[in-house]
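In what follows, a single structure is set out as structure tokens and then discussed.
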Number of protein chains: 2
Amino acid sequence: MKKQKVSGAVIRRLPRYFRHLTDLHAEGMERISSSAFGKTMNLTASQIRQDLSCFGEFGQQGYGYNVEKLRQEISEILGMTLRHTAVVIGAGNLGRALIENFRFDRSGFQLIAAFDVDQKLVGSELAGVPIYHADTLEHYLAEQPVSVGVLTVPKHIAQSTADCLVEKGVKGIWNFTNVELAINEPSVVVENVHFADSLLALSYMISDEE
Amino acid sequence: MKKQKVSGAVIRRLPRYFRHLTDLHAEGMERISSSAFGKTMNLTASQIRQDLSCFGEFGQQGYGYNVEKLRQEISEILGMTLRHTAVVIGAGNLGRALIENFRFDRSGFQLIAAFDVDQKLVGSELAGVPIYHADTLEHYLAEQPVSVGVLTVPKHIAQSTADCLVEKGVKGIWNFTNVELAINEPSVVVENVHFADSLLALSYMISDEE
DNA sequence: TAGATTGTTAATCGATTAACAATC
DNA sequence: TAGATTGTTAATCGATTAACAATC
């Protein structure tokens, strides 16, 4: 996958494309034009064609795009076929919600383990995922190649846990703590899920009218 | 609060400003220049000054910005002082994680109730928040002004629940289901938290290098 | 006062949209 | 073939950055 520079705006739209294509496929739609697709997604046809052209030529003049084929292509582009591995660190409410309810496999990830300090959890499984003691994380990472650490630990150990993940060579951190992580390894990517930022944006928007 | 048109990009940065100012304040910092603030946040000084100028004049030549005052101003801009109310619908793992761990008050919201169909939960409290039966939601909303409905229900009832919220006049929906909600009331704002989109963007970024 | 730093106007850069030749 | 629709180049629009007079 040779990558010219693709803008962040485009990257953020790719998962939406994928999601909508999955829905369209489930509805039995076989082909779609950029203009029809644009209507579904509230984008211009131009933008969709422009976005896709960053990665190749997936359509056919006079026909449009094959829904299933395009979906497959985008899953490749997103790296969903690479069988990335993930571990959840912190099996509190949020960690458990992710383990039990979030379909990692649908995003191409294998969730292979979770870690917590709670002795009541350690040794058990949640949704088929084994829970190990947090103390064994470092050892585990040394043995097992892990692509992404999902950080759902309490604030005060967020940075130290992240440091451990980085040191052991994870490629990315999916950060649910509202700590601004300081990572000095430039190849490691942090993706923040800031609930509060999202709620505050909503707050602004509903406070709009005077 | 008179609103000229403020771009989405600016709105999305406001919560980050607020968060960083809160941190700086906690660290005891009293004043900061746009250039120092820019360094902290990885933005240019120009951008910060430009962003803030959408809402007024909060700095002082030769001095910079008073951290606490600016934090206060931004909280006003975001509508955090309006005492918006929220209810959580769906007290499964994710709903409970939000009720128990997410500090709604820190974003200026009052979480006043939660709803679920599970009889084991109905009548109890979680972190001081009463859980009512989902059947009583409609009645509750008619009695109680609610600004935001937090949607953490299973996929198949997401749309119908949203319809109910809209009909009863909520201003916003904080949507954690991965359902694309169809809302025909234009004044109602939907803020989506798409975990999968976030993870897929991360997937792309860690799959980048070849 | 001199130095620092703002708010704002102008310049630049990048992203979105429009147009159209190529072609299925 | 004629109609539809792509991929791509050019035009437009908007957002970011730079510059600077105003002033604390």
Side-chain angles (χ1 to χ4, degrees), chain A residues 2-17 20-21 24 29-74 76-77 201 204-205, chain B residues 2-17 20-21 24 29-74 76-77 201 204-205:
Chain A
K2 58 162 71 121
K3 290 268 168 67
Q4 61 192 100
K5 191 71 174 61
V6 175
S7 81
V10 174
I11 296 170
R12 294 284 155 187
R13 277 194 293 274
L14 288 175
R16 287 189 63 212
Y17 289 142
H20 282 265
L21 288 165
L24 290 168
M29 186 157 288
E30 271 185 25
R31 70 186 187 89
I32 195 164
S33 67
S34 57
S35 88
F37 197 23
K39 228 157 268 166
T40 325
M41 294 196 53
N42 259 39
L43 299 172
T44 64
S46 273
Q47 179 154 63
I48 289 172
R49 296 206 299 278
Q50 190 76 277
D51 283 357
L52 295 178
S53 76
C54 297
F55 306 101
E57 311 191 355
F58 307 115
Q60 198 168 74
Q61 285 106 325
Y63 173 87
Y65 301 86
N66 178 294
V67 170
E68 175 51 11
K69 180 165 160 291
L70 185 56
R71 180 178 168 282
Q72 183 58 37
E73 293 281 6
I74 291 180
E76 297 277 354
I77 293 163
Y204 176 88
M205 292 184 283
Chain B
K2 59 162 71 120
K3 289 269 170 66
Q4 61 193 96
K5 190 71 174 60
V6 175
S7 83
V10 175
I11 296 170
R12 294 285 155 187
R13 277 192 294 272
L14 288 175
R16 286 188 63 212
Y17 289 141
H20 283 264
L21 288 166
L24 291 168
M29 185 156 287
E30 270 185 25
R31 70 188 186 89
I32 194 164
S33 68
S34 58
S35 89
F37 197 24
K39 228 157 267 166
T40 326
M41 294 196 54
N42 257 39
L43 299 172
T44 63
S46 274
Q47 179 155 62
I48 289 173
R49 296 205 299 276
Q50 191 76 278
D51 282 358
L52 295 178
S53 75
C54 296
F55 306 101
E57 311 191 356
F58 307 116
Q60 198 167 74
Q61 285 104 323
Y63 172 87
Y65 301 87
N66 177 293
V67 170
E68 175 51 11
K69 179 165 162 290
L70 185 57
R71 181 178 167 282
Q72 183 58 38
E73 293 281 5
I74 292 181
E76 297 276 354
I77 293 164
Y204 176 89
M205 291 183 284

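Chain naming here is simple, since letters A, B, ... match the order of the sequence lines and numbering starts at 1 in each. Model, not experiment: these values are computed from the prediction.
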Quiz item: Would you say D/dT17 has OP1 or OP2 under 4.0 Å from some side-chain N or O of B/T44?
Solution: yes
Quiz prompt | Partner nucleotide, any strand, of D/dT12 [Watson-Crick/G-U, under 3.5 Å] | solution = C/dA15
Exercise. Find the distance A/D51:CG to D/dG7:C1' and express it as a whole number of Å.
Key: 13 Å
Quiz prompt | Under 4.0 angstrom between B/R49 side-chain N/O and C/dT6 OP1 or OP2 | solution = yes
Practice problem: Using whole Å, report how far CG of B/L43 lies from P of D/dT16. | Solution: 9 Å
Quiz prompt | Contact nearer the 5' end of DNA chain C, comparing A/Q60 with A/S46 | solution = A/S46
Quiz prompt | Option passing ring pair (Phe, Tyr, Trp, His ring centres under 6.0 Å) with A/Y17 (candidates A/F58, A/F37, A/F55) | solution = A/F37
Practice problem: Could you check B/L52 against B/Y65 for side-chain contact (heavy atoms from CB on, under 4.5 Å), going step by step and ending with a plain yes or no? | Solution: CA-CA 11 Å; B/L52 295 178; B/Y65 301 87; 3.7 Å; yes
Practice problem: May I ask you to evaluate whether A/R13 reaches the phosphate of C/dT16, defined as a side-chain N or O under 4.0 Å from OP1 or OP2? | Solution: yes
Quiz item: Taking atom types as they are modelled, is there a donor-acceptor pair under 3.5 Å from the base of C/dT17 to the side chain of A/Q50?
Solution: yes
Quiz item: CZ of A/F58 versus C1' of D/dT5: gap in Å, rounded?
Solution: 17 Å
Quiz item: Which whole-number value in Å describes the distance from B/Y63 OH to C/dT5 C1'?
Solution: 12 Å
Exercise. Give a yes or no on whether the backbone of A/M41 and the side-chain of A/R16 come within a donor-acceptor separation of less than 3.5 Å.
Key: yes
Quiz item: Would you say a side-chain N or O of B/S34 is under 4.0 Å from OP1 or OP2 of C/dT5?
Solution: no
Practice problem: Go through the N and O atoms of the side chain of A/S7 and the base of C/dA15, and report whether any donor-acceptor pair is under 3.5 Å. | Solution: no
Practice problem: For atom NZ of A/K69, decide whether the heavy atoms of other residues, nucleotides or ligands shown that lie under 6.0 angstrom number more than 12. | Solution: yes
Exercise. Specify the separation, in whole Å, of atom CD1 of A/I48 and atom C1' of D/dT5.
Key: 13 Å
Quiz item: How long is the line joining CZ of B/R12 and P of D/dA15, in whole Å?
Solution: 14 Å
Practice problem: Specify the separation, in whole Å, of atom CZ of B/F55 and atom P of C/dT8. | Solution: 14 Å
Quiz prompt | Candidate list A/N66, A/I48, A/V67, test side-chain contact (heavy atoms from CB on, under 4.5 Å), partner A/I32, passing option | solution = A/V67
Quiz item: Could you give the OH-to-P distance, from A/Y65 to C/dC24, as a whole number of Å?
Solution: 14 Å
Quiz item: Now, which nucleotide makes the Watson-Crick or G-U wobble pair with D/dA4, with each of the two distances under 3.5 Å?
Solution: C/dT23
Practice problem: Report the nucleotide, chosen from D/dT5, D/dT16, C/dT17, that has the shortest atom-to-atom distance to any side-chain atom of A/Q61. | Solution: D/dT5
